[in-house]
Amino acid sequence: MCWVVEIRSWSMPLMEIRSWCVPIVEIRSWCVSLVEIRSWCLLVVEIRRWGMLLMDRWSCDMHLEDRWSCGVQSRISVKPPAGMPSLKTSSQSFTALLEISSQKCGLKNTVFSPSGNEYTGEWQNDKKHGKGTQVWKKSGAIYNGEWKFGKYDGYGTYSVLVAQSKKYTRKYCGAWKNGKKHGFGTYFYNDFSVYEGEWSEDRRSGWGRMHYNNGDIYEGAWMKGKSHGLGIIRYSNGNWYEGTWRDGRKDGHGKFYFCDKGQIYVGLWVDGVAKCGSLSDFGRDEAPNPAKYPIPKVHLVDMELVLREAESTHLSQQ
């Protein structure tokens, strides 16, 4: 078995031997007394010799062919010693192996794309993989966080450039999966509108809290970007609703507290509209703007039965 290697010598004390076959061997000699042989194959072998003689204890049959003056370029055939393990050579061409060796893998410096975008971080098989920072030239946006095979995956922060102030502001900070917001994270719509909670496929989904521009706060279940399920919304005027939601609207049983008037409505909602229920006083004495007259008591033999019948009638008409 022989390995074909290429010797390139730029000066007498500097020699670099590189082999692009499977048992890749690199020999670098900076002076006569320093030789370093490294083999990056399945069995990693590293031989370092600091003596005066080169490869004294590793005798090899070396045959020089087409030797030029000053050792500018030569080709040699190196026969490994009998004690060294035999390795299967690769049938791939030199061009294919060189292409593989030139792939981006591991930690790299900043890489610029033709569009002007730049990425600094880790790579695997020519794809962003690990931790890294991407800067988009046109939009000025920045993503800093974890990647998986070229997509955001893991924890990361996405920021945008504000044209007026020329400063960066965060838009999203949290979990990603397959290039989309997925898991727990915080999204900043603007300085006053913020969502903090769970995401799925770039949409609010699961539990979350939403602060709106007008001061309203919703906390509860979400599905496909809309409030859906059990949730509570507290309005900026002090009123609040507690109950079920569907596609972003009150739908089902719920309670609406009119704290400004000292009243409470308990009943059924459909598509955001109260359909049947009861309205009664609730904290009327502490209300800032109570109603002029208190709500009179309902004198029915079975008020709950009347409400259930009204609810059943309405639902049957849907």
Side-chain angles (χ1 to χ4, degrees), residues 172 174-175 180-190 192-291 293-318:
Y172 177 78
K180 297 180 180 180
K181 296 182 283 291
H182 193 93
F184 190 88
T186 303
Y187 191 90
F188 302 86
Y189 294 90
N190 52 50
F192 306 100
S193 183
V194 179
Y195 172 80
E196 179 184 12
E198 296 175 305
W199 296 78
S200 178
E201 297 290 326
D202 252 355
R203 293 184 176 185
R204 296 170 291 188
S205 187
W207 176 92
R209 182 189 296 113
M210 180 71 195
H211 296 259
Y212 294 95
N213 279 332
N214 59 2
D216 298 345
I217 301 175
Y218 171 84
E219 183 174 358
W222 296 79
M223 188 173 72
K224 295 182 179 179
K226 297 180 180 180
S227 48
H228 191 95
L230 292 175
I232 299 174
I233 185 169
R234 300 179 183 274
Y235 296 96
S236 57
N237 60 2
N239 298 341
W240 55 289
Y241 168 81
E242 175 184 1
T244 56
W245 298 74
R246 183 178 181 183
D247 294 333
R249 296 183 178 183
K250 306 177 189 69
D251 196 284
H253 291 278
K255 300 177 181 179
F256 195 101
Y257 296 85
F258 297 92
C259 297
D260 56 339
K261 297 180 179 180
Q263 298 174 339
I264 180 175
Y265 169 83
V266 180
L268 178 69
W269 299 73
V270 177
D271 201 18
V273 179
K275 291 298 182 179
C276 56
S278 62
L279 182 67
S280 58
D281 290 324
F282 182 83
R284 186 173 183 273
D285 296 335
E286 293 80 19
N289 298 308
Y293 301 103
I295 297 176
K297 293 182 179 182
V298 178
H299 298 282
L300 294 174
V301 175
D302 192 342
M303 184 180 64
E304 294 297 331
L305 177 60
V306 174
L307 290 174
R308 287 196 299 270
E309 290 178 351
E311 181 178 330
S312 299
T313 302
H314 176 77
L315 295 176
S316 64
Q317 295 175 354
Q318 299 300 312

Scan residues 240-249 for pairs that pass side-chain hydrogen bond (donor to acceptor under 3.5 Å, both in side chains), counting only residues two or more places apart or in two chains. Arg249-Asp271
Do you know the tightest heavy-atom contact between Lys255 and Tyr257? CD-OH, 3.6 Å
State, with a plain yes or no, whether a side-chain heavy atom of Leu279 is found less than 4.5 Å away from one of Ile264. no
Okay, side chain of Asp251, backbone of Val270: is any donor-acceptor separation there less than 3.5 Å? no
Which heavy-atom pair separates Gly277 from Tyr265 by the least distance, and what is that distance? N-OH, 3.4 Å
To the nearest 0.5 Å, what is the distance between CG on Asp202 and OH on Tyr187? 9.0 Å
Roughly how far, to the nearest 0.5 Å, is CZ of Arg209 from CD1 of Ile232? 11.0 Å
Contacts of type side-chain contact (heavy atoms from CB on, under 4.5 Å), residue Asn239, not counting sequence neighbours: Tyr235, Asn237, Phe256, Phe258, Cys259, Asp260
Which residues pass the side-chain contact (heavy atoms from CB on, under 4.5 Å) test with Tyr212, not counting sequence neighbours? Met210, Asn214, Asp216, Tyr218, Trp222
Under the salt bridge (Lys or Arg N to Asp or Glu O under 4.0 Å) rule, what pairs show up with a residue in residues 223-232, not counting sequence neighbours? none
Answer yes or no: is there a donor N or O on one side and an acceptor on the other, between the side chain of Arg284 and the main chain of Ala291, under 3.5 Å? yes
Do you know which two heavy atoms are closest between Glu196 and Trp207, and how far apart they sit? O-CZ3, 4.1 Å
Minimal heavy-atom distance between His253 and Leu268, with the atoms involved, is N-CD1, 4.3 Å
Are any of the side-chain heavy atoms of Trp199 and Arg204 separated by less than 4.5 Å? yes
Contacts of type side-chain contact (heavy atoms from CB on, under 4.5 Å), residue Asn190, not counting sequence neighbours: Phe192, Ser193, Asn213
With sequence neighbours left out, what residues match Ser200 under side-chain contact (heavy atoms from CB on, under 4.5 Å)? His182, Ser205
Give, for atom NE2 of His211 and atom CD of Glu219, the distance between the pair rounded to the nearest 0.5 Å. 8.0 Å
